[in-house]
Amino acid sequence: MTTNYETREHDVVIIGAGGAGLRAAIEALAQGASVGVVCKSLLGKAHTVMAEGGIAAAMANVDAADSWKTHFRDTMRGGKFLNNWRMAQLHAQEAPERVRELEQWGALFDRTETGDILQRAFGGHTFKRLCHVGDRTGLEMIRTLQDRGVQQGFDVFMECTVTRLLTDGKRITGAFAYWRESGRFIVFKAKSVVIATGGIGKAWRVTSNSWEYTGDGMALAYEAGAELMDMEFVQFHPTGMVWPPGVQGLLVTEAVRGEGGILRNKNGERFMEKYDPKRLELSTRDVVARSIYTEVKEGRGTEHGGAFLDISHKPADYVKKKLPSMYHQFKELADVDITKGPMEVGPTCHYMMGGIRVEAETAQSTVPGLFAAGEAAAGLHGSNRLGGNSLSDLLVFGRRAGLAAAAHAKSVSHAPVNTAQIEAAEKELLAPFANTGGESPYAVHRDLQEVMQNLVGIYRTEQDLMKSLGDLEKLSARSAKTGVEGTRMFNPGWHLTRELKSMLLISEAVARAALARKESRGAHSRTDYPNLDDANWGKKNNIIVQDGSTMTRRESAVPEMPADLRQIAAQE
Ligand SMILES: Cc1cc2nc3c(=O)[nH]c(=O)nc-3n(C[C@H](O)[C@H](O)[C@H](O)COP(=O)(O)OP(=O)(O)OC[C@H]3O[C@@H](n4cnc5c(N)ncnc54)[C@H](O)[C@@H]3O)c2cc1C
């Protein structure tokens, strides 16, 4: 086996250059650590850049009555109390400071008339809380973090995919990766590794997620011995485009509803009056997604199988100013002028609440030296995330992960990397070239998306989930035999063979956890167990962990909330 790879050495290696990874990098640098940031796309092209609606933070600029306590309460209620309460508390308390910091670093937010950061309404938030830049908030956030980080001096390895974490059996020692362009291998020696690789939406057919979301970081952590938590909770955003077919799933930001958008069925009925008369369109995402799904299933959907979302009652100039991306998206892709008529929308796979289990204060996983933040980590959102709470999550826990990763790096020295692990990683990567005439990975990916869409979607049953596990096993066998043509020079089919492994592994974790949770809670809806079952499931997190080569599941008690927070959460 070849040992033909380059080696780099850093105190802290961060995998992922979205909001979580960049914020972690900035903090680790500030602590004096040497930092390498590895990302499989170009720097600045992470998923975070797509974020539209805003960052949730109780700044109280628009609604003076807002406070961290209300934000905490909204987050816990949105997550149906499965959240890690300490994460929800830290998040609500620290988000305003993190947003102000972003502003000091140069982010240009929309403003109130008195010059404060403007905040808009969003589903499940009691007050107007989302700090935003029109509907291009993620772009401004990533630009600001990137400028700050590059200026401070981290090393960037872009178009470089990590395929394995290296350990000495007890703690993290580094990571193995390959350059996407040349196919050549690279080994990172590190004292701490932060996973900030985002979610796994590309395992579903209809999704708002980009090609990067293949669950790599969760799979890397799992294979290194870390625990995954609450994998059954996959968020289906209520409003993705349903037409034309080529853009099905593309996100229609919740900011449309935040700015006053109204949902109607084909008969013109404002159906949210039936499902959540109090909050209407600003109900939580799980409720709105199921409402649209039900309207369509019961024959009241639009021509292309969705609902109408209308903002055309607002002045055209206002719509163009507050929702410029949505205006252009519909004009260019669907030939619809949203200032004059409604959009057609339907649910789309959007966000992963589950992920790597971490400690609240440090973002450290169950493996020493391995940290995780952002969408790759679990705990903050419980069974359902409120809109806007992801961008604030990235800032709060990205910073905490960077801080703790740097502190950990100071407490240990570099351990030698295990050459057997490197050789195994090389062998695994090169195997598809030897499978001459093997099946195309694209065919297996397409079939995986059908399985997850049809059997592990918005509504689930025991029968479907059992079938999905059987189907996933067959797909894994097919995946092991996929073959690729050509060379290691930029070869997307080859890249997909490795990503397929991650997607299949994490899809299995989702299906297993979904099968076990015999109740409906937040984003997890079982038609055979349609109600919340607080007595049996209200205080249990699902944990998935590797035992030898077997995926095992167990339950773990949700940490008990202290009395003062219980009181805050219970207030009307
Ligand atoms: C269209 C859209 C709009 C959204 N709007 C909002 C919003 O308004 N407010 C809000 O709070 N949330 C929003 N979200 C959710 C939010 O954007 C994401 O949850 C968040 O950006 C995730 O950030 P992250 O840092 O965890 O990951 P990302 O920003 O996705 O970054 C992941 C990084 O990991 C890298 N990576 C992945 N795998 C590997 C690997 N194997 N090796 C090396 N690098 C790897 C990628 O290249 C990338 O750099 C939106 C999501 C979408 C899709």
Side-chain angles (χ1 to χ4, degrees), residues 13-24 37-57 95 120 122 130-139 141-142 145-146 156-165 175-180 188 194-202 207-220 235 237 239-241 249-255 258 285 325-326 329 348-353 355 372-377 381 385-395 397-398 401 495 498-499 501-502:
V13 163
I14 291 169
I15 311 174
L22 291 175
R23 189 61 191 83
V37 176
V38 192
C39 52
K40 72 179 181 184
S41 53
L42 292 167
L43 185 67
K45 288 263 303 165
H47 216 99
T48 302
V49 86
M50 295 158 76
E52 295 162 349
I55 313 173
R120 62 160 54 115
F122 241 56
L130 264 77
C131 309
H132 60 275
V133 185
D135 57 4
R136 293 175 182 151
T137 312
L139 177 63
M141 179 162 157
I142 210 111
L145 291 174
Q146 197 176 296
V156 181
F157 303 84
M158 55 183 168
E159 298 204 294
C160 185
T161 301
V162 175
T163 66
R164 206 174 261 231
L165 296 177
F176 176 88
Y178 70 92
W179 292 103
R180 295 174 78 85
F188 294 95
V194 179
I195 294 193
T197 47
I200 201 232
K202 272 295 169 190
T207 178
S208 65
N209 289 184
S210 77
W211 66 271
E212 290 164 275
Y213 266 26
T214 52
D216 295 4
M218 297 174 194
L220 290 170
Q235 181 167 77
H237 193 291
T239 61
M241 288 179 81
L250 199 66
L251 195 77
V252 178
T253 174
E254 190 170 325
R285 288 178 176 177
S325 298
M326 287 305 106
Q329 185 171 309
T348 180
C349 177
H350 184 60
Y351 184 88
M352 185 61 178
M353 271 75 68
E375 196 169 335
H381 310 291
R385 174 178 73 92
L386 298 186
N389 269 2
S390 171
L391 294 189
S392 40
D393 171 11
L394 310 182
L395 296 173
F397 293 103
H495 304 167
R498 183 62 189 84
E499 290 167 340
K501 283 191 180 166
S502 301

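Both ligands and their constituent atoms are indexed starting at 1 by order of listing.
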G53 backbone acceptor or donor facing D135 side chain under 3.5 Å: no
Ligand-residue contact atoms, ligand 1 with L251, heavy atoms, under 4.0 Å: 1 (C), 2 (C), 3 (C)
Protein residue, atom and distance nearest to atom 9 (N) of ligand 1, heavy-atom basis: G54 O, 2.9 Å
Nearest non-hydrogen partners of A56 and N389, listed with the distance: CB-OD1, 3.3 Å
Short N or O distance, V162 and ligand 1, threshold 3.5 Å exclusive: yes
Any R385 heavy atom less than 4.0 Å from ligand 1: yes
Numbered atoms and elements of ligand 1 in range of Y351, under 4.0 angstrom, heavy atoms: 19 (O)
Residue portion contacting ligand 1 (non-hydrogen atoms closer than 4.0 Å) for A177: neither
Taking atom 4 (C) of ligand 1 as the reference point, the nearest protein heavy atom with its distance: A51 CA, 3.3 Å
Exam field: side chain T239 to backbone V252, donor-acceptor pair closer than 3.5 Å: yes
Numbered atoms of ligand 1 (with element) below 4.0 Å of S41, judged on heavy atoms: 47 (O)
Residue, atom name and distance, where the atom is the protein heavy atom closest to atom 52 (C) of ligand 1: H350 CE1, 3.4 Å
Nearest-neighbour protein heavy atom for atom 35 (C) of ligand 1, which is reported as residue plus atom name and distance: G16 CA, 3.6 Å
Ligand 1 N/O within reach of G374 N/O, cut-off under 3.5 Å: no
Short N or O distance, S390 and ligand 1, threshold 3.5 Å exclusive: yes
Candidate list L43, L395, L394, test side chain to side chain contact (heavy atoms under 4.5 Å, CB included), partner L22, passing option: L43
Nearest protein heavy atom with distance in Å, relative to atom 26 (O) of ligand 1: E375 N, 3.0 Å
Donor-acceptor pair between T137 and H132 side chains, under 3.5 angstrom: no
Steps toward side-chain contact (heavy atoms from CB on, under 4.5 Å) verdict (T163, Y178): CA-CA 8 Å; T163 66; Y178 70 92; 3.7 Å; yes
I15 contact mode with ligand 1 (heavy-atom cut-off under 4.0 Å): side chain
Polar contact flag for A17 and ligand 1 (N/O pairs, less than 3.5 Å): yes
Residue pair E499, R180: steps toward the salt bridge (charged side-chain N to carboxylate O under 4.0 Å, His left out) verdict: CA-CA 13 Å; E499 290 167 340; R180 295 174 78 85; 3.7 Å; yes
Parallel, tilted or perpendicular, as decided by the 30° and 60° cut-offs, for the rings of H47 and Y213: parallel
side-chain contact (heavy atoms from CB on, under 4.5 Å) between F176 and L220, worked out: CA-CA 10 Å; F176 176 88; L220 290 170; over 6 Å; no
Minimum-distance pair of heavy atoms, taken over all atoms of G198 and E375: CA-CB, 3.8 Å
C160 contact mode with ligand 1 (heavy-atom cut-off under 4.0 Å): backbone
Polar contact flag for L220 and ligand 1 (N/O pairs, less than 3.5 Å): no
Distance filter under 4.0 Å to Y213 heavy atoms, resulting ligand 1 atoms: 22 (C), 27 (O), 28 (P), 30 (O)
Sub-3.5 Å N/O-N/O distance, G19 and ligand 1: yes
Student check: side-chain heavy atoms of S210 and M50 closer than 4.5 Å: yes
K40 and D216 ion-paired at < 4.0 Å: yes
Test of proximity, N209 against ligand 1: N or O pairs below 3.5 Å: no
Under 3.5 Å: N/O of E52 near N/O of ligand 1: yes
Within-cut-off N or O pair, T161 and ligand 1, under 3.5 Å: no
Heavy atom of A196, distance to ligand 1 below 4.0 Å: yes
N389 contact mode with ligand 1 (heavy-atom cut-off under 4.0 Å): backbone
Closest protein heavy atom to atom 24 (P) of ligand 1, given as residue, atom name and distance to 0.1 Å: L394 CD2, 3.8 Å
Minimum heavy-atom distance between G19 and T48, given as atom pair plus value: N-OG1, 2.9 Å
Atoms of ligand 1, numbered as shown, that sit under 4.0 Å from any heavy atom of H47: 28 (P), 29 (O), 30 (O), 53 (C)
R285 backbone acceptor or donor facing Q235 side chain under 3.5 Å: no
Polar proximity ligand 1 side, S208 side, N/O cut 3.5 Å exclusive: no
Full working for side-chain contact (heavy atoms from CB on, under 4.5 Å) between M141 and L391: CA-CA 9 Å; M141 179 162 157; L391 294 189; 4.1 Å; yes
Pair E52 + R120: basic N to acidic O under 4.0 Å: no
Nearest heavy atoms of C39 and L42, plus distance in Å: SG-C, 4.5 Å
Atom 29 (O) of ligand 1 - nearest protein heavy atom and its distance: T48 OG1, 2.5 Å
Considering all heavy atoms, the nearest S41-A46 contact: OG-N, 4.3 Å
Ligand 1 contact on D216 by region, counting heavy-atom pairs under 4.0 Å: side chain
Element-labelled atoms of ligand 1 that are located less than 4.0 Å from some non-hydrogen atom of M50: 1 (C), 2 (C), 3 (C)
Distance filter under 4.0 Å to G53 heavy atoms, resulting ligand 1 atoms: 7 (C), 8 (O)
Per-atom contacts of ligand 1 with A46, taking only distances under 4.0 Å to non-hydrogen atoms: 29 (O), 31 (O), 48 (C), 49 (O)
Which atom of T348 lies closest to which atom of L251, heavy atoms considered: CG2-CD1, 4.3 Å
Atom 10 (C) of ligand 1 [closest protein heavy-atom partner, distance rounded to 0.1 Å]: L391 CG, 3.4 Å
